[in-house]
Every structure is written in C-alpha cells, then in structure tokens.
Amino acid sequence: KQEVTQIPAALSVPEGENLVLNCSFTDSAIYNLQWFRQDPGKGLTSLLLIQSSQREQTSGRLNASLDKSSGRSTLYIAASQPGDSATYLCAVRSLSGGSNYKLTFGKGTLLTVNP
Amino acid sequence: KAGVTQTPRYLIKTRGQQVTLSCSPISGHRSVSWYQQTPGQGLQFLFEYFSETQRNKGNFPGRFSGRQFSNSRSEMNVSTLELGDSALYLCASSLLSGRIYEQYFGPGTRLTVT
C-alpha cells in the first residue's frame, strides 16, 4: 500500500528565504508525482507534475525534483513571498488494482512566510 | 475555459440524513474523481468515474456512492450521515482516465454533520 509522508508538517520563514519541502513515498513504482498548493478552505492548485522518467521540473520560482529509486521528492521555493503562504501537498500516482491508477496524497506542509 | 465547479459550496446536515454533492468537470473532460479531506486523515480517494462507469474505488463504506451522467457531470451521495463524514469533499476532472492525465481540482464542498 502506497504511503506518502511530508516533512515538516509546518514551516515558518521570513520573507525572501529560500526553502525546501520534502516528500517521501514507500512504493517506488510510481508513474508521476505532483505538487499542489491549497489555500485555506479552498481546492487544490497544481504546481508541478513530474513524470517518473523525469528528474525535475521548474516553474518560475519553484523547482521540484524526483528521485524515484529512493522514494523522495523535494519542492524548492526561491525568494519566498507572503503570498506563498499555503499548504503544499505532494501526491503520487501509482497502480491501484488491475489497470487502475490513483493519487495518494501526503498530509501536507503548512507554510507561513512572514513579511 | 471554465474550471471544475462544485455545488453546493457549503452544506450542514444532521446525523442520519443523506446528502448529494454535484461536480461539473472542465468542458471536454470525461473522467471525474472524488476525494475526502479531513484534518486527521488528509486527502483520501473515494472513487473515479469515466464514461458513466466507476473505474476505481477507494476504501470507503458503501454509504458513499456516486454516479456520472452522459454529459460527464458527476454526483456523490452519502447516506446515513455520521459525524465523521464532516469534511471537505473535492472533485477532480481529467481529459481521460489513466496515469498520464493530469487532474484538475474544484473548490470543494464543505460538509458539516451535526
């Protein structure tokens, strides 16, 4: 059974800092990994999607890496801003019985960027 | 292109009642998945529908059911509500069903059971 863990559960940093969020998963047989952002009481916004054959993806100040063999991914946020404050969720897509696939989520890292 | 929409956004029900939540996918998307999010358990997969057929199901009791219509809109039903069913219910749509298709999430329906 796939399990996804995110460390730390919460992080508070001053504006301008570079930071790293961690995600680990127990079954390395994944097809892709996705990082999401969730604002309080809202839905999920996809940030980056990394296919299993890729090592990293970049979008603006965000960079996500994937090491499938070790079951790890990191999300790097450069020059953090107060608007980055949100919960960041990591999810992996893997086989779920027969030929079906499902997303398994971590519980998220609550990020607060202080002005 | 409009995103995924969910109705209602907020709902308050009493234990023992039943509830139906609705999800309209992005135009052209044919797969709809449902998730439950609670502070204790996080985000958990409920089920996926594709072309009006349930493709995949998570580990939830039979009180949770769903269906999909020919226009790809989906409904989720929870019968005999329990206090523990209080959660944010999220719907996600993708173009087709399968591992390569990215899911796009709606804003969710906040269900409170009293």
Side-chain angles (χ1 to χ4, degrees), chain A residues 1-7 9-10 23-25 27-54 57 59 64 66 68 86-110, chain B residues 2-7 9-11 21 23-26 31-51 53-60 86-112:
Chain A
K1 178 189 167 190
Q2 180 73 269
E3 292 181 1
V4 180
T5 303
Q6 291 187 246
I7 294 173
C23 171
S24 61
F25 44 95
D27 185 352
S28 61
I30 67 167
Y31 293 97
N32 55 50
L33 181 144
Q34 206 163 352
W35 283 93
F36 293 90
R37 168 188 172 134
Q38 185 176 32
D39 292 286
K42 302 284 181 65
L44 276 60
T45 300
S46 179
L47 298 172
L48 291 164
L49 172 69
I50 311 177
Q51 300 295 347
S52 62
S53 58
Q54 297 176 315
Q57 281 282 356
S59 175
L66 174 63
K68 203 174 91 161
T87 296
Y88 290 80
L89 293 153
C90 164
V92 298
R93 180 168 294 218
S94 51
L95 204 57
S96 167
S99 59
N100 295 317
Y101 305 91
K102 71 170 187 177
L103 279 176
T104 303
F105 285 82
K107 292 193 176 181
T109 294
L110 175 61
Chain B
V4 178
T5 58
Q6 293 186 244
T7 57
R9 292 294 313 280
Y10 303 92
L11 207 47
L21 312 182
C23 172
S24 293
I26 292 172
S31 171
V32 173
S33 296
W34 288 89
Y35 296 85
Q36 181 197 65
Q37 186 177 32
T38 59
Q41 298 298 317
L43 258 159
Q44 293 184 288
F45 172 73
L46 279 156
F47 29 65
E48 178 192 8
Y49 284 86
F50 176 70
S51 292
T53 302
Q54 188 179 87
R55 285 291 306 267
N56 201 0
K57 190 177 190 308
N59 191 25
F60 278 82
S86 295
L88 181 67
Y89 289 88
L90 292 164
C91 158
S93 77
S94 59
L95 187 62
L96 296 172
S97 178
R99 65 180 188 265
I100 67 170
Y101 298 101
E102 187 173 352
Q103 292 188 344
Y104 297 83
F105 283 77
T109 293
R110 171 74 62 185
L111 172 64
T112 302

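The figures here come from the full heavy-atom set of this structure, side chains too, leaving out hydrogens, waters and symmetry mates. Letters A, B, ... are given to chains in the order of the sequence lines, protein chains preceding strands, and every chain is numbered from 1.
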About how many Å separate CD of B/Gln37 and OG1 of A/Thr87, when rounded to the nearest 0.5 Å? 8.0 Å

Determine which pairs satisfy salt bridge (charged side-chain N to carboxylate O under 4.0 Å, His left out) with at least one residue from residues 39-52 of chain A, sequence neighbours left out, and list them in order. A/Arg37-A/Asp39

Measure A/Leu103 against the heavy atoms of chain B and call it side chain, backbone, both or neither at under 4.5 Å. both

Please classify the contact of B/Leu90 with chain A as side chain, backbone, both or neither, using a heavy-atom distance under 4.5 Å. side chain

Looking at every non-hydrogen atom in both residues, tell me the closest pair between A/Gly41 and B/Arg9 and how far apart they are. O-NH2, 4.2 Å

Comparing B/Gln103, B/Gln6, B/Arg110 against chain A, the one with the most heavy-atom pairs below 4.5 Å turns out to be B/Gln103

I would like to know whether A/Gln38 and B/Leu88 meet side-chain contact (heavy atoms from CB on, under 4.5 Å); could you show each step before the answer? CA-CA 12 Å; A/Gln38 185 176 32; B/Leu88 181 67; 3.7 Å; yes

Please say which of B/Phe47, B/Phe45, B/Tyr35 ends up in a side chain to side chain contact (heavy atoms under 4.5 Å, CB included) with A/Lys102. B/Phe45

